[in-house]
Amino acid sequence: MSQDQNSPELPPPGAGHTTATRTPFFNRKSSLVLLMVVASLAIFGTTTQTWIHVNIAPGEVVQSDLNIPGNKAAVAVSALALVALAGALATTIAGRVARFITAAVVFLGAIGVVGLALGILADPVAAAAAEVGVATGIEGQGSQATATIFPALAAAAALVLAIGALLVLWFGRSWTVRTKYDAAKDTGAGVSEAPVDEIDSWDRLSRGEDPTA
């Protein structure tokens, strides 16, 4: 008996039946938070390395060459990196308004790191003057200072951090609510149609909800 030519085609084995929308990488909360965390840690990591190498000119004291790490050449960079890291982590649990504030803080911190790093690259002698004075005990001691690659790496990581913060500011408007207060407030407006990522799924599971429903 021949198969009916008008019968509907069956889907191939293993074909999915879900209609869920796959969230793009740049619109996923988990991806952007991870990007900002890694960038913040990278900035902080560079501050533990030598940012400025100093050749001290012969004078009244004998002093070997001086290697100045980033956490001394630009103390504020370490602080800004930690602030950015805290802001990135806070983004995972922040509501809409708080998320905008934390992302803005992260962005401003990243811009601050870029400015400080570029300042050291532009004038390493001035940046090293204070540490040279401490090491030699002579204010204004002549020296030749050169910046290493780490200020440039810090500036590059800060640019990545700034881009991540901007993406959070833009795409975060469509992310699902993060707190029970926000969820209760939006109940009357209907369920959000925004795609749900891994962080949202874990939160819904913690509230006893089925994220696949």
Within this structure, what is the [atom1]-[atom2] distance for the pair [X] and [Y], rounded to the nearest 0.5 Å?
X      : Y      : atom1 : atom2 : answer
Phe150 : Thr48  : CZ    : OG1   : 7.5 Å
Leu80  : Leu116 : CG    : CG    : 6.5 Å
Asp123 : Leu118 : CG    : CG    : 13.0 Å
Asn55  : Thr146 : CG    : OG1   : 6.5 Å

Side chains of residues 103-115: which donor-acceptor pairs under 3.5 Å do they make with residues two or more places apart or in other chains?
none

Quick one: do [X] and [Y] end up in the same hydrophobic cluster if we chain Ile, Leu, Val, Met, Phe, Trp and Tyr together by side-chain heavy atoms under 4.5 Å apart?
X      : Y      : value
Leu161 : Ile101 : no
Leu41  : Val33  : yes
Ile149 : Ile43  : yes
Leu153 : Leu159 : no
Ile120 : Val75  : no

Checklist outcome for this item: Besides Leu82, the hydrophobic cluster formed by Ile, Leu, Val, Met, Phe, Trp and Tyr side chains linked at under 4.5 Å, directly or via other members, contains Phe44
Using every non-hydrogen atom in the two residues, find where [X] and [Y] come nearest and quote the distance to one decimal.
X      : Y     : result
Ala157 : Ala42 : CB-CB, 4.1 Å
Met36  : Ala88 : CB-CB, 3.7 Å
Glu131 : Ile68 : CB-CD1, 3.5 Å
Asn67  : Pro69 : O-CD, 3.6 Å

Checklist entry - What residues form a side chain to side chain donor-acceptor pair (under 3.5 Å) with Thr50, not counting sequence neighbours? => result none
Item to check | Backbone of Ala117 reached by a side-chain donor or acceptor of Trp51 within 3.5 Å | outcome: no
Heavy atoms, side chains only, cut-off 4.5 Å: are [X] and [Y] in contact?
X     : Y      : result
Ser78 : Asn71  : yes
Leu35 : Val160 : yes
Ile52 : Val54  : yes

